[in-house]
Peer 1: 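My questions will all concern the structure given below.
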Amino acid sequence: MSGDHSHSENQVDGGSRFNDSHKHKDKYKEKEHKHKDHKKDKEREKSKHGNSDYKDSSDKKHRDKEKEKMKHKDGSTDKYKDKHKEKRKEEKVNYHANNSWQNAQMKSLDGKVKKEKENGFASPPHVKSEPEDDFYHSPRHEKSLKRERDDDNDSEFKPKKIKTENDKKAKKRKPEEDVKSKKTKNKKGEVTDGKKKAKKEPEEKWKWWEEERYTDGSKWKFLEHKGPVFAPPYEPIPSNVKFFYDGKHMKLSPGAEEVATFFAKMLDHEYTTKDIFRKNFFKDWKKEMTAEERAKITDLKKCDFTEMSEYFKAQSEARKAMTKDEKLKIKAENERLLQEYGFCIMDNHRERIANFRIEPPGLFRGRGDHPKMGMLKRRIRPQDIIINCSKDSKHPEPPPGTKWKEVRHDNKVTWLVSWTENIQGSIKYIMLNPSSRIKGEKDWQKYETARRLKKCVDRIRTQYREDWKSKEMRIRQRAVALYFIDKLALRAGNEKEEGETADTVGCCSLRVEHIKLYPENEGLEYVVEFDFLGKDSIRYYNKVPVEKRVFKNLQLFMENKEPDDDLFDRLNTSVLNKHLQELMDGLTAKVFRTYNASITLQQQLKVLTSADENIPAKILSYNRANRAVAILCNHQRAPPKTFEKSMQNLQAKIDAKRDQLSDAKRELKSSKADAKVRRDEKSKKAVETKKKAVQRIEEQLMKLEVQATDREENKQIALGTSKLNYLDPRISVAWCKKWGIPVEKIYNKTQREKFAWAIDMADDDFEF
DNA sequence: CTATGCACTTAGGAAGAGTACT
DNA sequence: AGTACTCTTCCTAAGTGCATAG
């Protein structure tokens, strides 16, 4: 259907997008978005020329006029129909068909299966067997343990797999686990503690993906944790480190001094040169000053933080120069903290927490042109903290002499700790690590939704192409926006509060100023040029040829609008998502990104991998496929500071290797000649040795060259984001299995932990 | 319908740890 | 051992999308 949906052609070589584009935050600013009252814009537009929308227009005459206009703009609808007779692939797609996720859920209705599964889930011996008074004690109330086995007698129904697992566990622990627990024991020394920790080693490879999921919307039945780790208290700087105002030494009050150090620490950063940053900082700093200080310090320019700055630099140098022993000590302490606070018990399993440390105070660093950059991020105290855990768990204790804001027991959410942040007033959370069941299930589900989209994407594409001709403006806009989201993998583009954040957009929030239309450009017809700042103020620049109908529609949408008017004035993400929901259960705009990313990877891997290449070459192919996705999703990075140099180094290595190779070849030649003359065993052997040497060097050279290519192509493209968030890991795992490549070459340790489910379940024939 | 609150995913950069090279 | 560079982990901002209130 969708004639132009091979991202590989128009995206993969879209490298040009990057050439001139990286981080134009400042250059971009020059355009000076007036873009003042954005929310009002939409209103204005509606009344200005929005009457084509039947729903909200009471003025019929006007409506008809608008219809007329559209016909003219567009060429008559009928005529177009005749000309193109777009074949409509009827919906042979089977929406409900074998979706493993759904099947699994359906199975759960079956009592027997469920029982078995829950048994399999049965509490791991070591957690269970802990003494009652242990910190990580097991849950006590049966009623809260639905997911757990009901009864010991059931143990015979344990699925085999899991039983073996437990057996293994009992016999052998992972060595690293043991090391860890010993360390902790040594550190603390107390017998009880040691005992505790020894029992506490994490379960090995719990295969949550072989178990039932909750179907009632609850996220857990039991949750116990130790609460957050607070930022260390402020340590005043030594009195010999001075702050000067207007050239004169000034001793600051502790409160003012702390905030001053935040600024001093950033002195080398370009943030501190920006007006908004300085203005915001100064305003918030003043609030922390005493009355006298406030009276005296009236101009940030007269503040001299250099001694402070030097002091912190020296400190970090000193940290680097610490002896091994000292470093080890710190490491051990961190490990202890991690063991104590970095895990929780959720439904009988010890799971890693992602961010158990509370964000320390400091100056807000927004990205791009953020109106709030430089504001003071205040220190979070226990009374700001909401704790979430189960009723029957041992609740975390607030630090002595303090209280939590609240302790609640909401098992419909996944977070353990939350607080409200003072810059935007939004809520921050402490949640689990990506390797946890709760995150993994969700991730898996995300890819299953994307795979369901695969089954009906043709129908959806046919439909939106049809909708380009709709009589209703809002439907046309919706259809064009959806086309962009699908074809270009744009983000949905929620509207944002004006003045609260940097001015960035996504698809639905594109403004007229963000696109340019070229009826003809560089030999192509109907070219649209996109140029806007997206998430994190990363510039999206792309020139794409589109269907004539899309082009005409865009012209229509832009008619009589100012540059800072919304392109899709009758559309927003919730309208769009409502529509998508009707097309497929669970479909939202972001699913297209996941789908297109994953399908592109799969397709590119097929195209790029050649059977006869060696492993490094295959990995280059993988990286290239990955890169195609990163380009599609516009995942950019700042070129590493040392890029040029490291490239040169690599080139030097390659040259050296080349020399080495020609030397080796020469030697081989002479030894051959030698062997011809002498005709003895010894010289023959020498020839063999030389041959092998040449081969080895050739291989090394090849490896280096591949590395160089890979690095060069990767200069300003970030592969990590797509790998972590958009690419169904089963595609990669299947590819590894198919070509006999160790997964370690593709995924590092963290990634393997996150994708354990995929590594365990995907076979070499997995199809996304 | 719009606005707001909330929960959760996605994102790039900084800092730290590890490794290779001299 | 010290230094240079790279890879990993941490950090937290900035999105998406749903629910609910007005």
Side-chain angles (χ1 to χ4, degrees), chain A residues 22-23 39 42-43 55-56 219 266 269 316 319-321 324 327 330-331 334 338 342 354-360 362 364-368 370 372-373 377 386 388 410 412-415 418 420-421 423-434 438-439 442-443 446 491-497 500-502 504-509 533-538 572-578 580-581 586-591 593-594 597 630 633-638 640-643 645-647 649-650 653 707 711 716-718 720-726 747-751 753:
Chain A
H22 197 69
K23 317 265 145 93
K39 258 176 273 165
K42 225 158 197 167
E43 296 310 307
K55 280 239 165 94
D56 67 1
K219 306 290 170 68
M266 293 179 73
H269 205 289
S316 90
R319 228 172 302 130
K320 271 186 226 156
K324 252 190 196 153
K327 279 183 184 168
I330 289 174
K331 211 177 154 186
N334 277 336
L338 173 69
N355 55 325
F356 57 91
R357 285 170 212 272
I358 298 277
E359 296 172 17
F364 177 74
R365 306 152 88 112
R367 306 201 183 135
H370 197 117
K372 299 195 170 185
M373 65 169 79
K377 233 176 82 159
I386 302 175
N388 192 33
D410 181 356
K412 302 284 189 252
V413 297
T414 67
W415 52 268
S418 75
T420 301
E421 152 269 349
I423 305 289
Q424 318 274 359
S426 65
I427 308 171
K428 300 267 193 169
Y429 302 94
I430 290 183
M431 292 184 189
L432 296 194
N433 198 60
I438 214 158
K439 293 290 183 191
K442 200 80 186 296
D443 205 37
K446 173 182 77 187
R491 294 188 186 81
N494 280 317
E495 51 266 76
K496 323 167 49 181
E497 223 179 313
E500 296 293 299
T501 57
T504 63
V505 298
C507 185
C508 294
S509 48
L533 297 183
K535 184 179 180 181
D536 293 320
S537 295
I538 296 291
N572 62 40
T573 52
S574 87
V575 168
L576 178 64
N577 281 333
K578 213 163 276 161
L580 292 175
Q581 189 57 238
L587 186 61
T588 62
K590 85 201 253 303
V591 178
R593 249 167 104 81
T594 312
C633 294
N634 200 39
H635 291 143
Q636 295 186 236
R637 63 166 184 175
K641 284 179 207 85
T642 54
F643 185 84
K645 211 195 294 166
S646 89
M647 220 50 215
N649 290 160
L650 196 54
K653 265 192 199 169
Q707 203 186 341
R711 193 178 296 178
Q716 40 190 181
I717 299 170
T721 306
S722 50
K723 205 181 212 178
L724 233 49
N725 300 302
Y726 288 103
Y747 290 136
N748 68 28
K749 184 165 142 278
T750 320
Q751 294 167 157
E753 278 164 13

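No hydrogens, no waters, no symmetry mates; every other heavy atom, side chains included, goes into these values. Since we're looking at a predicted model, the values are computed, not measured.
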Peer 1: What is the distance from CG of Asp536(A) to P of dA11(B), rounded to the nearest Å?
Peer 2: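 To the nearest whole Å, that distance equals 8 Å.
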Peer 1: Closer to the 5' end of DNA chain C via nearest nucleotide, is it Ala502(A) or Pro360(A)?
Peer 2: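 Comparing both residues, the 5'-ward one is Pro360(A).
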Peer 1: Once you round it to whole Å, what is the distance between P of dG12(B) and CD1 of Ile717(A)?
Peer 2: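 Rounded to the whole Å, the gap is 12 Å.
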Peer 1: When you measure from the side-chain N and O atoms of Arg367(A) to the phosphate of dT12(C), is any distance below 4.0 Å, counting only OP1 and OP2?
Peer 2: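 No, outside the criterion.
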Peer 1: Can you tell me if the side-chain N/O atoms of Thr721(A) get under 4.0 Å from OP1 or OP2 in dG12(B)?
Peer 2: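 Affirmative; the distance criterion is met.
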Peer 1: Quick one: is Thr414(A) getting a side-chain N or O under 4.0 Å of the dC8(B) phosphate, OP1 or OP2?
Peer 2: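 Yes, because at least one side-chain N or O of Thr414(A) sits under 4.0 Å from OP1 or OP2 of dC8(B).
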Peer 1: Given atom NZ of Lys446(A) and atom C1' of dG15(C), what is their separation to the nearest angstrom?
Peer 2: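 Result: 13 Å.
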Peer 1: With a cut-off of less than 4.0 Å, is there a side-chain N or O of Tyr726(A) near OP1 or OP2 of dA11(B)?
Peer 2: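 Answer yes for this pair, as a side-chain N or O of Tyr726(A) is under 4.0 Å from OP1 or OP2.
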Peer 1: Examine dG13(B): is either OP1 or OP2 under 4.0 Å from a nitrogen or oxygen in the side chain of His269(A)? Give yes or no.
Peer 2: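 Looking at the OP1 and OP2 atoms of dG13(B), neither is under 4.0 Å from any side-chain N or O of His269(A).
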Peer 1: Is a donor from one side chain sitting under 3.5 angstrom from an acceptor on the other, for Ser426(A) and Glu421(A)?
Peer 2: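 Ser426(A) vs Glu421(A): donor-acceptor pair found between side chains.
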Peer 1: Any side-chain N or O of Lys645(A) less than 4.0 Å from the OP1 or OP2 oxygen of dC5(C)?
Peer 2: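 For Lys645(A), the contact criterion (side-chain N or O under 4.0 Å from OP1 or OP2 of dC5(C)) is met.
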Peer 1: Let me know which of Lys372(A), Met266(A), Lys377(A) forms a side chain to side chain contact (heavy atoms under 4.5 Å, CB included) with Arg365(A).
Peer 2: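 Of the listed options, the one satisfying the test is Met266(A).
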Peer 1: Any chance you could list the contact pattern along nucleotides 16-22 of chain C? Use B for base contacts, S for sugar-phosphate-only contacts and - for none, protein heavy atoms under 4.0 Å, 5' to 3'.
Peer 2: BBS----
Peer 1: Check whether any side-chain nitrogen or oxygen of Lys535(A) sits under 4.0 Å from OP1 or OP2 of dG12(B), and answer yes or no.
Peer 2: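 No, no such contact exists.
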Peer 1: Return whichever of Val413(A) or Lys578(A) has its heavy-atom-nearest nucleotide of DNA chain B closer to the 5' end.
Peer 2: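 The residue closer to the strand's 5' end, by nearest nucleotide, is Lys578(A).
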Peer 1: So which protein N/O to nucleotides 18-22 of chain B N/O distances come out below 3.5 Å?
Peer 2:
| residue | atom | partner | partner atom | Å |
| --- | --- | --- | --- | --- |
| dC21(B) | OP1 | Lys653(A) | NZ | 3.3 |

Peer 1: Taking atom types as modelled and ignoring hydrogens, do the side chains of Arg367(A) and Thr504(A) form a donor-acceptor contact shorter than 3.5 angstrom?
Peer 2: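 Side-chain D/A pair, Arg367(A) to Thr504(A): absent.
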Peer 1: Taking only N and O in the side chain of Lys412(A), is any of them less than 4.0 Å away from OP1 or OP2 of dA7(B)?
Peer 2: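 For dA7(B), OP1/OP2 do not have a side-chain N/O of Lys412(A) under 4.0 Å.
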Peer 1: Over 60° means perpendicular and under 30° means parallel, so classify the ring planes of Tyr429(A) and Trp415(A), tilted if in between.
Peer 2: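 Plane angle between 30° and 60°, so tilted.
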Peer 1: Look at Lys219(A) and dC8(B) and indicate whether a side-chain polar atom (N or O) is within less than 4.0 Å of OP1 or OP2.
Peer 2: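 Yes, because at least one side-chain N or O of Lys219(A) sits under 4.0 Å from OP1 or OP2 of dC8(B).
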Peer 1: Please give, in whole Å, the distance from dA14(C) P to Ile538(A) CD1?
Peer 2: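 Spelled out: CD1 on Ile538(A) to P on dA14(C) is 12 Å.
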Peer 1: If I take atom CZ in residue Phe643(A) and atom P in nucleotide dC7(C), what distance separates them, rounded to the nearest angstrom?
Peer 2: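 Value for this atom pair: 12 Å.
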Peer 1: Taking any heavy-atom pair under 4.0 Å as a contact, classify Ser426(A): base, sugar-phosphate, or nothing.
Peer 2: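 Contact class for Ser426(A): none.
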Peer 1: dA11(B), OP1 or OP2 - any side-chain N/O from His635(A) closer than 4.0 Å?
Peer 2: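 Yes.
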Peer 1: By nearest heavy atom, map Gly534(A) and Gln751(A) onto DNA chain C; which one lands nearer the 5' end?
Peer 2: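 Going by which nucleotide is closer to the 5' end, it is Gln751(A).
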Peer 1: What is the nucleic acid contact for Lys377(A), judged by heavy atoms within less than 4.0 Å: base, sugar-phosphate only, or nothing?
Peer 2: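 Sugar-phosphate contact only - Lys377(A) comes under 4.0 Å of backbone atoms but never of a base.
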Peer 1: Quick one: label Pro434(A) by what it contacts on the DNA or RNA (base, sugar-phosphate, nothing), any heavy atom closer than 4.0 Å.
Peer 2: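 Nothing, no nucleic acid heavy atom in range.
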Peer 1: I want to check one thing: is the phosphate of dA4(C), taken as OP1 and OP2, less than 4.0 Å away from some side-chain N or O of Ser646(A)?
Peer 2: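 No, outside the criterion.
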Peer 1: Look at Thr501(A) and dA13(C) and indicate whether a side-chain polar atom (N or O) is within less than 4.0 Å of OP1 or OP2.
Peer 2: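 No, outside the criterion.
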Peer 1: Identify, between Ser722(A) and Arg365(A), the residue whose nearest nucleotide on DNA chain B lies closer to the 5' end.
Peer 2: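 First, find each residue's nearest nucleotide; the 5'-ward one identifies Ser722(A).
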